[in-house]
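Heads up: the structure comes next, in structure tokens.
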Amino acid sequence: MKPAMETAAEETTEQSQERKGCFECCIKCLGGVPYASLVATILCFSGVALFCGCGHVALTGTLNILEQHFSSNASDHALLTEVIQLMQYVIYGIASFFFLYGIILLAEGFYTTSAVKEMHSEFKTTACGRCISGMFVFLTYILGVAWLGVFGFSAVPVFMFYNIRSSCDVLKALPVNYTTAAEQICVDIRQYGIIPWNALPGKACGSALENICETQQFYMSYHLFIVACAGAGATVIALLIYMMATTYNYAVLKFKSREDCCTKF
């Protein structure tokens, strides 16, 4: 029989090996995490959520401001109402699509990272896998260009509300006895093309304009449009990260396929 000290030493050695094996397994698993895709997914979800949520509420507030202060006849802004409702439905679709697309890209990132690092024997570079990776690269590039347009478009209402807010600041800076000059400071919303030129009143001047800027609805819509624009910018950055990650993974997978021709699906 072995001495008690030798048995205890062997048990300690086995336990240390088990701990070492568990530690190495954890490091190996962490090495397979696609951190770039993970960061891009979090950023994409956050950006799309801000853009869709804030944009939806801001569009409703903008329509209410137009109806109350710039267009008294419902027929004058009927087309704008339909466009805003359509855009709100599109927002629902964008949120659903990017939720699914972000999960798919994250899963593809896990697969390609494991295949690139050859961490598991079942992850091999195949023609089908490279074709799918190439398809995601192409689709992400298309979405990136499209979201650049969305980002630019989301800056238009911010510019419009900024001009109205600037006019209100000018009104507040005028002395109290300058009533005539105050009435000459106007904002004509018809010049932005969102309502027709025959819409009445179509513009707000002096104290009426100042009252619009002091409403909670104007303040909320203005800042919600700013947040929505920032969300669109965050989504563009997330898609750029996706593009870099998917392009790198695709290039490495294609390079590795030249070395290992006998791959299995």
Full working for side chain to side chain contact (heavy atoms under 4.5 Å, CB included) between Arg165 and Phe218: CA-CA 9 Å; Arg165 183 65 179 270; Phe218 176 85; 4.2 Å; yes

Under the side chain to side chain contact (heavy atoms under 4.5 Å, CB included) criterion, do Val150 and Phe51 qualify, and how do the steps go? CA-CA 10 Å; Val150 172; Phe51 174 79; 3.6 Å; yes

Side-chain polar contacts of residues 233-241 - donor-acceptor pairs under 3.5 angstrom, sequence neighbours left out - could you list them?
unit_1 : atom_1 : unit_2 : atom_2 : d
Thr235 : OG1    : Val48  : N      : 3.4
Thr235 : OG1    : Gly231 : O      : 2.9

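Of all heavy-atom pairs between Ser71 and Pro201, the closest is N-CD, 4.2 Å. Residues Leu171 and Gly206 share a closest heavy-atom pair of CD1-O, 3.2 Å. When every heavy atom of Leu63 is checked against every heavy atom of Thr81, the shortest pair comes out as CD1-OG1, 3.6 Å. Counting all heavy atoms, side chain and backbone alike, Cys54 lies closest to Leu224 at CB-O, 3.5 Å. Ile195 and Ala199 make their closest contact through CD1-CB, 4.0 Å (heavy atoms, listed as atom of the first residue, atom of the second, distance). Of all the heavy atoms in Leu200 and Asp76, the pair that sits closest is N-OD2, 4.0 Å.
Relative orientation of the Tyr222 and Phe161 rings is parallel, given thresholds of 30° and 60° on the angle between their planes.
You'll find the side chain of Ile189 stays beyond 4.5 Å of the side chain of Lys203, heavy atoms only. Put simply, the side chain of Ile104 reaches to within 4.5 Å of the side chain of Phe136, judged on heavy atoms. In this structure, the side chains of Thr41 and Leu105 stay at 4.5 Å or more apart for every pair of heavy atoms. In this structure, Val137 and Met243 have side chains that are not in contact, with every pair of non-hydrogen atoms separated by 4.5 Å or more.
At a threshold of 4.5 Å between side-chain heavy atoms, the hydrophobic network of Ile, Leu, Val, Met, Phe, Trp and Tyr places Leu148 and Val90 in one connected group. Following chains of ILVMFWY side-chain contacts shorter than 4.5 Å, one can reach Ile94 starting from Tyr101, so the two form part of one hydrophobic cluster. Hydrophobic clustering of Ile, Leu, Val, Met, Phe, Trp and Tyr side chains at less than 4.5 Å, counting indirect connections, keeps Leu50 apart from Ile91. When hydrophobic clusters are built by joining Ile, Leu, Val, Met, Phe, Trp and Tyr residues whose side-chain heavy atoms come closer than 4.5 Å, directly or via intermediates, Leu59 is not grouped with Met220. Side-chain heavy atoms closer than 4.5 Å link hydrophobic residues (I, L, V, M, F, W, Y) into clusters, and following such links, possibly through other members, connects Val170 to Met160.
Under a 3.5 Å cut-off, the side chain of Thr247 and the backbone N or O of Met244 do not form any donor-acceptor pair. Looking only at distances, a side-chain donor or acceptor of Ser167 sits under 3.5 Å from a matching main-chain atom of Asn163. For Arg190 (side chain) and Asn198 (main-chain N/O), no donor-acceptor pair under 3.5 Å exists by modelled atom type. Distance alone, capped at 3.5 Å, is enough to place a donor-acceptor pair between the Ser154 side chain and the Phe151 backbone. In this structure, the side chain of Thr215 engages the main chain of Ile212 through a donor-acceptor pair within 3.5 Å.
Within the model, atoms NZ of Lys172 and CD of Glu210 stand 6.5 Å from one another, a figure rounded to the nearest 0.5 Å. In this structure, OG1 on Thr140 lies 9.0 Å from CE on Met135, to the nearest 0.5 angstrom. Taken to the nearest 0.5 Å, the CD1 atom of Ile164 stands 7.0 Å off from the SG atom of Cys213.
By the 6.0 Å contact criterion, OH on Tyr192 is enclosed, its count of non-hydrogen atoms from other residues, nucleotides or ligands being greater than 12.
Between the side chains of Thr60 and Gln88, at least one donor-acceptor pair of N or O atoms lies under 3.5 Å.
Checking each of Tyr242, Phe138, Phe97 against Leu143 for a side-chain contact (heavy atoms from CB on, under 4.5 Å) leaves exactly one that passes, namely Phe97. The only option from Tyr141, Phe153, Phe98 that meets the ring-ring contact (aromatic ring centres under 6.0 Å, His included) definition with Trp147 turns out to be Phe98.
In this structure, Tyr92 has its ring center under 6.0 Å from that of His56.
With sequence neighbours excluded, the residues satisfying side chain to side chain contact (heavy atoms under 4.5 Å, CB included) with Val158 are Phe225, Ile226, Cys229.
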